[in-house]
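Input: a single structure, listed below in structure tokens.
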Amino acid sequence: MIEPIDFTGCERLPGRAYNGANGKKIAVRYDGDVWLLKFPPSTAEKPTTLSYSNSCYSEHVASNIANMIGLRAHETRLGTFTNGKTKVVCACRDFTADGKVLYDFCSIKNTVIDSETGGTGTELDDVLETIDHQSFVDPVVLKAHFWDMFVVDAFLGNFDRHNGNWGFLVDPTSRKAEIAPAFDFGSCLLPQADDDIMRRVIEDKAELDARIYNFPASALKQDGKKIGYVDFIAQNRDGVLAPSLKRIVPCIDLAAISAFIDDTPYLTDLQRQFYKTYLAARYKVMFEPISSL
């Protein structure tokens, strides 16, 4: 079992702020590095029947799996933080701590004056056009990263890869830019699923299939409608997705992923079984027909 960390006594770092809607975030120094601690949303923040109470686990598990299967993602650890109550938090290493500045794709999209929509618009054609017209990195390299990220998000069931949670790192002195590590994986692996839903997904094939074929869908849209992962991959596996599928799918080792999940602290046996069942099913539907090609 990976050793968890108690972040309670770590130095708090004022002056660092982080956006995002799901849960509180603070910066601390741990083992010489700056880490962002993401807290699970409170009931007051997400007053819905299905909360995002599992988002910290989803963030950590999905981020690590992304790295395992070939997408450069931020580094995360699970730990606890006590402030009256002890909560499990997901710690994300701050990849801007060396002075580089993060420019999300939303802000870059706003600078492309030929774009038909604003920075938050996620119409696929408009996003691809912005990639072609931006001047931060080679458009060919960025487009390959974009489709790699799409394939990984499809596997992990990410329903919220919007323009504000991926982008570039820029050195303010040299003005050189690079693609930032992928981040914000809290909307992967059905973070709203409570124990009852997890059991139903494990035990009932119809419940499992619904969460593969029907939802979650991508945040990207075509003609105003969110893109369904299964159909899009099936229709484009020999087209725009082919290079990314060839890079990512051979790296998906379900046995290694299962071992990682088993080694992750704080998860219940039900959560472990749920994650493994869900990912194996998504792989079988979307990628197993491709893996033999």
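Because only heavy atoms are used, hydrogens play no part in the values below, and waters and symmetry mates are left out as well, while side chains stay in.
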Tell me whether [X] contacts the main-chain N or O of [Y] through its side chain, where contact means a donor paired with an acceptor under 3.5 Å.
X: Glu207; Y: Ile202; value: no
X: Asn67; Y: Ala73; value: yes
X: Thr82; Y: Lys85; value: no
X: Arg77; Y: Pro4; value: no
X: Arg199; Y: Leu270; value: no
X: Ser244; Y: Asp148; value: yes
X: Glu123; Y: Asp125; value: no
X: Ser58; Y: Ser187; value: no
X: Arg272; Y: Leu267; value: yes

Mind checking what makes ring pair (Phe, Tyr, Trp, His ring centres under 6.0 Å) contact with [X], not counting sequence neighbours?
X: Phe274; result: Tyr278
X: Tyr229; result: Phe150
X: Phe215; result: none

Decide yes or no for [X] and [Y]: does some side-chain heavy atom of the first lie under 4.5 Å from some side-chain heavy atom of the second?
X: Gln192; Y: Asn54; result: no
X: Phe159; Y: Asp153; result: no
X: Met68; Y: Asp253; result: no
X: Leu13; Y: Val28; result: no
X: Met198; Y: Asp195; result: yes
X: Val89; Y: Leu78; result: no
X: Phe232; Y: Leu241; result: yes
X: Trp166; Y: His145; result: yes

Do Arg161 and Phe146 form a cation-pi contact, if we require the NZ or CZ to be under 6.0 Å from the six-membered ring centre and within 45 degrees of the ring's axis?
no

Are [Y] and [X] linked, directly or through intermediate hydrophobic residues, by side-chain heavy-atom contacts shorter than 4.5 Å (ILVMFWY only)?
X: Met149; Y: Phe105; result: yes
X: Val285; Y: Tyr275; result: yes
X: Trp147; Y: Ile248; result: yes

Could you pull out the closest heavy-atom pair between [X] and [Y], with the gap in Å?
X: Pro172; Y: Lys100; answer: CD-CA, 4.2 Å
X: Ile65; Y: Leu156; answer: CG2-CD2, 3.9 Å
X: Leu245; Y: Pro250; answer: O-CD, 3.5 Å
X: Lys226; Y: Ala217; answer: CB-CB, 4.0 Å
X: Leu254; Y: Ala280; answer: CD1-CA, 4.2 Å
X: Val34; Y: Ala27; answer: CG1-CB, 4.5 Å

If you measure from [atom1] on [X] to [atom2] on [Y], what distance do you get to the nearest 0.5 Å?
X: Thr80; Y: Asp6; atom1: OG1; atom2: CG; value: 4.0 Å
X: Phe185; Y: Lys38; atom1: CZ; atom2: NZ; value: 10.0 Å
X: Ile131; Y: Leu142; atom1: CD1; atom2: CG; value: 4.5 Å
X: Phe136; Y: Lys176; atom1: CZ; atom2: NZ; value: 15.5 Å
X: Leu124; Y: Gln222; atom1: CG; atom2: CD; value: 5.5 Å
X: Thr130; Y: His133; atom1: OG1; atom2: NE2; value: 8.5 Å

Worksheet item: What orientation do Tyr283 and Phe155 show, parallel under 30°, tilted 30 to 60°, or perpendicular over 60°?
Response: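 Plane angle over 60°, so perpendicular.
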
Are Phe81 and Phe7 near enough that their ring centres are under 6.0 Å apart?
no

Does a side-chain N-to-carboxylate-O contact under 4.0 Å join [X] and [Y]?
X: Arg175; Y: Asp171; result: no
X: Asp262; Y: Lys276; result: yes
X: Lys143; Y: Asp138; result: no

| message | Testing the 3.5 Å rule here: is there a donor-acceptor pair between the side chains of Asn64 and Thr76? | response | yes

Quiz item: Do Ser63 and His74 have a side chain donor and acceptor closer than 3.5 Å?
Solution: yes

Is the count of non-hydrogen atoms from other residues, nucleotides or ligands lying under 6.0 Å from Asp196 atom CG greater than 12? yes

Quiz item: Any chance CG of Asn214 has more than 12 other-residue heavy atoms, nucleotides or ligands included, within less than 6.0 Å?
Solution: yes

Using the side chain to side chain contact (heavy atoms under 4.5 Å, CB included) criterion, which residues pair with Ala180? Sequence neighbours excluded.
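Per chain and number, Ala180 pairs via side chain to side chain contact (heavy atoms under 4.5 Å, CB included) with Phe95, Leu102, Leu169.
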
query: Run the side-chain contact (heavy atoms from CB on, under 4.5 Å) check on Leu189 and Leu279 step by step: do they pass?
result: CA-CA 8 Å; Leu189 302 172; Leu279 288 170; 3.7 Å; yes

**Stepwise ring-ring contact (aromatic ring centres under 6.0 Å, His included) check, Tyr57 with Tyr266** = CA-CA 9 Å; Tyr57 304 118; Tyr266 303 115; 7.2 Å; no

Sorted by chain and residue number, the salt bridge (Lys or Arg N to Asp or Glu O under 4.0 Å) partners of Asp33 (sequence neighbours excluded) come out as Arg93

The salt bridge (Lys or Arg N to Asp or Glu O under 4.0 Å) partners of Asp209 (sequence neighbours excluded) come to Lys205

